[in-house]
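We use all heavy atoms of the structure for the numbers below, so side chains are in, but hydrogens, waters and symmetry mates are not.
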Amino acid sequence: MTLTLESMPGSSGYLDMYPERKISYFKNPYVLGLTFVAGIGGLLFGYDTGVISGALLYIKDDFEVVRESYFLQETIVSMALVGAIIGATTGGWLNDSYGRKKATLISDFIFAAGSVVMAAAPDPYVLILGRLLVGLGVGVASVTAPVYIAEASPSEIRGGLVSTNVLMITGGQFISYLVNLAFTEVPGTWRWMLGVSGVPAIIQFILMLFLPESPRWLFMKDDKSKAISVLSKIYDFARLEDEIDYLTAQVVEERQKRANVRYLDVFRIKEIRLAFIVGAGLQAFQQFTGINTVMYYSPTIVQMAGFENNQLALLLSLIVAAMNAAGTILGIYLIDHFGRRKLALTSLAGVFVSLVILSVSFFFESSTSNGIYGWLAILGLALYIAFFSPGMGPVPWTVNSEIYPESYRGICGGMSATVNWISNLIVAQSFLSVADAVGTGSTFLILACVAVVAFVFVIVLLPETQGLTFEEVENIWKARARSREQGTESLLEQGDES
């Protein structure tokens, strides 16, 4: 058959023509298995984010120098982010050069090594080294997992499957709080909390040995037989033939593009630049609206609100983490039914209201001994997670997995993930110091203002990509680039006439 834009496998036109070929989320156990194993990389990310928030309470008890220094506390938290920035930066190159599977295996090995170093650390400085290694592994995984899942997913459920990776992140955070609570009375508390993180990395390493490479990457590397073998487990026979024809038609063009791929092209080629601005912008706003501040420091925030017992702080933070995971499950459904754009806007509106509640509660809590404001802060935290987790949690990762051309997907995915980690680092490294300098209430008010800017950003720049093929999404950016060029030419012509 001749493949037009409307008849591309997975496009809305194709699925309207052949509705019986549409795949639902739970229809194919093989795709779910690939998604789950790849998503363990997200679990590593989430576990590390959550576990340090509880471990830090006990690290301060063991090391007086840490207890007396906000800077050391922030460095222990944020050194993993420094590693993640390096890992994400190199992760795109690793993915494109060696494939998604090998990149995952490398990230698991580094993460497991880092967990051993952290557990055995004799002082805060060796602990910081372990945090750096763990961050390297998380950084590579943060680039690899969404791309691997997206490239193995039918387009009609791609958003939900990529969001499953975000569910693994939030699930990892929830598990980390359970682990934190489990080890509160065990000798060597924080060493167990941090050391256990190597277990899922080892599990993923073993399982990944038995999984295939991404079919799109195999096509790009001329390993067509292996690619067809993978695709045959994803699609039924009728659609399989169309998918193979489609990928074959695309591979020559993509290979020609890939031969000339350069980092500078991301900024030089207009349609890629427009896509990267949106992708990187979403990643930055995900962090600057405060999510990992809440997750890294939620026990500390709970203590700031007046609940000073370590175990109570961890228990309340566990509830917050459970809401985060539950909200992400809701997001998996909504992202392919409600759409990326609407979901992001609804999420940001709720995040703004929640941050204002947090700000108000801390303003009043500091001036009165009334415990009601402590509970108001807990309510603000819960509402924040309830709104953030279904929307701004999965949307940036999903959008970044689908908005770039195949030849630039690894590079742009790595660069946008690097933006996420740099933003994460800035927030994590500065939150306690800023809160100490201007007050916790003012700090949350600043984050609320960022949420307003993010809302405007989404309205103006984010297109809806729900249900579209990679090529249909690419055509959106090409159309926008052409319209901007035409608009510039029109302005120049008006200037010449005047």
Side-chain angles (χ1 to χ4, degrees), residues 38-59 62-63 66 72-91 94 103-145 165 168-177 179-180 183 188-205 208 287 292 295-297 321 414 417-418 420-425 427-429:
I40 294 176
L43 187 140
L44 298 178
F45 176 3
Y47 185 90
D48 182 69
T49 301
V51 76
I52 195 62
S53 65
L56 191 59
L57 299 176
Y58 296 93
I59 292 168
D62 275 11
F63 299 121
V66 175
L72 261 182
Q73 292 175 38
E74 290 168 336
T75 301
I76 289 170
V77 170
S78 60
M79 189 52 65
L81 306 179
V82 174
I85 291 168
I86 300 169
T89 303
T90 57
L94 276 175
T104 301
L105 294 172
I106 291 169
S107 72
D108 288 331
F109 178 81
I110 296 172
F111 190 98
S115 68
V116 172
V117 172
M118 288 191 300
D123 57 56
Y125 308 103
V126 174
L127 174 60
I128 288 169
L129 173 62
R131 296 285 295 158
L132 178 68
L133 289 173
V134 163
L136 284 169
V138 167
V140 175
S142 71
V143 178
T144 308
N165 181 59
M168 297 293 277
I169 295 174
T170 57
Q173 291 168 339
F174 178 72
I175 291 170
S176 73
Y177 285 117
V179 170
N180 283 350
F183 287 117
T189 49
W190 61 268
R191 297 183 187 277
W192 285 103
M193 293 173 181
L194 298 178
V196 165
S197 64
V199 174
I202 294 169
I203 292 172
Q204 185 182 41
F205 186 94
M208 204 70 198
Q287 295 304 319
N292 280 322
M295 297 315 298
Y296 287 133
Y297 295 116
T418 302
N420 183 293
W421 289 113
I422 290 174
S423 304
N424 196 336
L425 173 63
V427 174
Q429 186 67 34

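Two residues are said to be in side-chain contact when any heavy atoms from C-beta on lie closer than 4.5 Å; L127 and W190 meet this criterion. Between V138 and L81, the closest side-chain pair of non-hydrogen atoms is not below 4.5 Å. I169 is not listed as a side-chain neighbour of L43, based on a closest heavy-atom distance of 4.5 Å or more.
What you find for A417 and V143 is that their closest heavy atoms are CB-CG2, 3.7 Å. In plain terms, the two heavy atoms of G39 and N165 that are nearest each other are CA-OD1, 3.5 Å. In terms of heavy atoms, P200 sits closest to L44 at CG-CD2, 3.6 Å. Smallest separation of non-hydrogen atoms from V427 and Q287: CG2-O, 3.7 Å. Closest of all the heavy-atom pairs between V140 and G87 is CG2-O, 3.5 Å. For the pair S197 and L194, the tightest heavy-atom approach, listed with the atom from each and the gap, is OG-O, 2.5 Å.
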Less than 3.5 Å apart, which donor and acceptor atoms pair up between the side chains of residues 103-123 and the rest of the protein, not counting sequence neighbours?
from : atom 1 : to   : atom 2 : distance (Å)
T104 : OG1    : R100 : O      : 2.9
S107 : OG     : T104 : O      : 2.7
D108 : OD2    : F205 : N      : 3.2
S115 : OG     : A112 : O      : 2.6
D123 : OD1    : Y125 : N      : 2.9
D123 : OD1    : V126 : N      : 2.9

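Side-chain rings of W421 and F45 approach one another, their centers coming within less than 6.0 Å.
Applying the side chain to side chain contact (heavy atoms under 4.5 Å, CB included) rule to V179 yields the partners Y47, I175, F183; only residues at least two apart in sequence or on another chain are considered.
Interatomic distance, OG1 of T418 versus CG of N424, reported as 12.0 Å (0.5 Å rounding). Taken to the nearest 0.5 Å, the CD1 atom of I40 stands 6.5 Å off from the CD1 atom of I203. Taking OG1 of T189 as the start and CG of L57 as the end, the distance is 9.5 Å to the nearest 0.5 Å. Here CD1 of I86 is found 5.5 Å from CG of L136. Values are rounded to the nearest 0.5 Å.
Distance alone, capped at 3.5 Å, places no donor-acceptor pair between the R131 side chain and the S78 backbone.
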